[in-house]
Amino acid sequence: MAAALTVAKGVDTMKRVMSTTEIATFQKETLKVIQQLMRTISIEDDRFEDNKCELILSGSSAEGVRVGNPYEMDIMLVMNMPIKIEEIAEKKGFAEVYLSNEEDLKLWSDCTDHDKFLSKKMKLTLHNLVKKTIKKENNPEFADFGITSKPLSGTAVSLRLYGKVDIDLVIALRGPYGYWPNCASKWLSRKRCNPPKKIITEIGEDGILLVPKQIGKKLHDMRWRFSFSNAEKKIIDNMTIEQKQCYKILKIIYEYQVTRISYKEYLIEDKCRKALYSYHLKSILMYETEESAYDDHNSKRDYVVILLKRVIKCLKDQFCPHYFLDDTNILPSVAGGFPDNDGSDQIIEYNPTKVLLETFQKALDNLPEDLTSLENETQLGDVIIFIGNS
């Protein structure tokens, strides 16, 4: 316990770039800290004992394609128990979950309505347990932990460790072995170049996870949503080193280009991030790798150009298909206006999609012939400024 806490707490310099070995060590030790947190929680609530759940690193950190701040991690707390799943026909990708046996119904009576397992109550239970556990008077070793999310806001319980390490802890349910959602059934048999059939079979056999997610406009209206994070990791693990490098370059361009957007000093960047975010870029990458092999392209630059063109097309069409639910548009419709900052009440119409289109088109038009410098984040400043200002 003490060793893991010490290693994570000892991250004194916010290095923008860490070596692969440093990243692996950091992730391993931080995961140990969260494991200890959950073991402490399980003393009070034995439903979270090690034999009933497991912690899994997910997202870009697990996939080895994170760019930017290396001190951010997504971790899933996967609960293992028999469940029954009923997909919600009118809301593709969502499901109702039911507990399968009497023992679990009694154990989780505070999170059920009859036999229906309620995601909202499940997340709230975890949030409250974490909040109580990290109180200094209860467990001094977690005194430098803080919750940065609201009880029912978003999917994760967001934590900040030692004022610098950000963790999104997401509670999840493991679906029955071999269960694959009907709403994503076409994906299993879709014609594709990649990934190979063996990977598709493994993904189908591994089954699915479910996580709490807001289903409508009301903040407290939560259901279980299918999570394809394990499948995405397998697909990205199967990609070539060059494809992963091109994806990271795309993400780097996105981060620097969106960060550089400014308009009347209002939160335009935030609006743009809501109109286009990293999951859209991941879907675009997976579609490209499915439809063509990397060797079909002449160079990394050609591959990045193809990815940028796909981003631009999605923005123009206002349609970005979900990789597993291909007729589902995951690109939100975001628009809005901001008051002028000259002191008047005049509203200036502002369309973040239009700004993003102009930004990515400019990045494409000014993409360097040699992308070597873009592969090293320590050299990005001058290169991206060049792309943005040319």
Side-chain angles (χ1 to χ4, degrees), residues 52-60 62-63 65 74-101 104 108 115-119 122-123 155-156 170-215 222-239 279-280 282-291 319-331:
K52 297 172 183 173
C53 59
E54 59 181 313
L55 289 167
I56 299 175
L57 186 65
S58 65
S60 58
E63 296 158 355
V65 290
D74 299 319
I75 298 175
M76 280 188 165
L77 174 65
V78 182
M79 309 300 298
N80 296 312
M81 65 185 81
I83 59 172
K84 293 182 292 185
I85 300 171
E86 286 187 9
E87 297 184 41
I88 301 174
E90 63 273 17
K91 194 65 177 177
K92 188 175 287 190
F94 285 82
E96 300 287 10
V97 172
Y98 300 87
L99 294 182
S100 298
N101 61 54
D104 286 331
W108 291 98
D115 60 342
K116 185 186 290 187
F117 210 5
L118 304 177
S119 60
M122 188 76 164
K123 190 203 166 183
T155 301
V170 178
I171 198 160
L173 302 178
R174 188 182 298 284
Y177 176 78
Y179 175 88
W180 187 256
N182 288 328
C183 60
S185 59
K186 290 181 182 178
W187 179 82
L188 292 173
S189 56
R190 203 158 67 200
K191 289 185 178 181
R192 52 171 58 88
C193 176
N194 283 297
K197 188 175 180 179
K198 178 185 175 183
I199 300 296
I200 304 299
T201 302
E202 287 178 3
I203 288 172
E205 290 176 350
D206 285 348
I208 200 79
L209 299 177
L210 298 104
V211 298
K213 181 69 176 178
Q214 183 177 326
I215 195 170
M222 281 188 171
R223 295 291 191 279
W224 294 103
R225 189 192 68 179
F226 294 118
S227 168
F228 297 93
S229 60
N230 285 347
E232 291 160 4
K233 184 178 184 305
K234 276 186 178 290
I235 291 168
I236 290 178
D237 284 348
N238 187 67
M239 291 180 187
Y279 192 73
H280 296 126
K282 182 192 285 188
S283 293
I284 286 167
L285 170 76
M286 290 190 292
Y287 269 112
E288 179 58 33
T289 57
E290 178 173 291
E291 295 170 12
F319 186 83
C320 181
H322 191 292
Y323 180 63
F324 296 95
L325 313 173
D326 57 7
D327 56 351
T328 300
N329 185 16
I330 59 173
L331 199 66

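A quick note: this is a predicted structure, and the numbers were derived from the prediction, not measured.
Remark: S227 pairs with S229 by the side chain to side chain donor-acceptor pair (under 3.5 Å) rule, at least two apart or across chains. By the salt bridge (charged side-chain N to carboxylate O under 4.0 Å, His left out) test, K186 is found to be paired with no residue, residues two or more places apart in sequence or in another chain being considered. With sequence neighbours excluded, the residues satisfying side-chain contact (heavy atoms from CB on, under 4.5 Å) with K233 are A62, E63, D237. For R174, the side chain to side chain donor-acceptor pair (under 3.5 Å) partners at least two apart in sequence or on another chain are E54, N80. Under the side-chain contact (heavy atoms from CB on, under 4.5 Å) criterion, L118 pairs with D113, K116, K121, not counting sequence neighbours. Scored by the ring pair (Phe, Tyr, Trp, His ring centres under 6.0 Å) test, F228 finds W180, H322, F324 as partners (sequence neighbours excluded). Listed by chain and residue number, E232 satisfy the side chain to side chain donor-acceptor pair (under 3.5 Å) test with Y279 (two or more places apart in sequence, or in another chain). The salt bridge (charged side-chain N to carboxylate O under 4.0 Å, His left out) test applied to R190 returns E290, D326, not counting sequence neighbours. Not counting sequence neighbours, the partners of R223 by the side-chain contact (heavy atoms from CB on, under 4.5 Å) test are I88, F94, E96, I215, D221. Residues meeting the side-chain contact (heavy atoms from CB on, under 4.5 Å) test with E291, sequence neighbours left out: Y287, R310.
Within the 4.5 Å cutoff, no side-chain heavy atoms of F117 are placed close to those of D104. Annotation: side chain of D74 is not in contact with side chain of V170 (no heavy-atom distance under 4.5 Å). Using a 4.5 Å heavy-atom threshold, the side chains of I85 and W224 count as separate.
Not one N or O on the side chain of R192 forms a donor-acceptor pair closer than 3.5 Å with the backbone of T289. Formation of a donor-acceptor pair under 3.5 Å by the N329 side chain with backbone atoms of P321 is not found in this model.
Sorted by first and then second residue, the side chain to side chain donor-acceptor pair (under 3.5 Å) pairs with a member in residues 86-95 read E87-Y179, K92-D327; sequence neighbours excluded.
A95 approaches L210 most closely through the heavy-atom pair CB-CD2, 4.1 Å.
Between I171 atom CD1 and M79 atom CE the span is 5.5 Å, to the nearest 0.5 Å. The CE atom of M76 lies 14.0 Å from the SG atom of C53; values are rounded to the nearest 0.5 Å. Considering CG of L99 and CD1 of I83, their distance stands at 8.0 Å, rounded to 0.5 Å. For the atom pair OG of S283 and OH of Y323, the computed distance is 9.5 Å after rounding to the nearest 0.5 Å. The structure places CD1 of I235 at 9.5 Å from NZ of K282, a figure rounded to the nearest 0.5 Å. Separation of atoms CE (M239) and CG (L285) is listed at 4.0 Å; rounding is to 0.5 Å.
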Atom pairs and distances, donor-acceptor, side-chain atoms in residues 196-208, under 3.5 Å, two or more places apart:
unit_1, atom_1, unit_2, atom_2, d
T201, OG1, K197, O, 3.0
E202, OE1, K234, NZ, 3.3

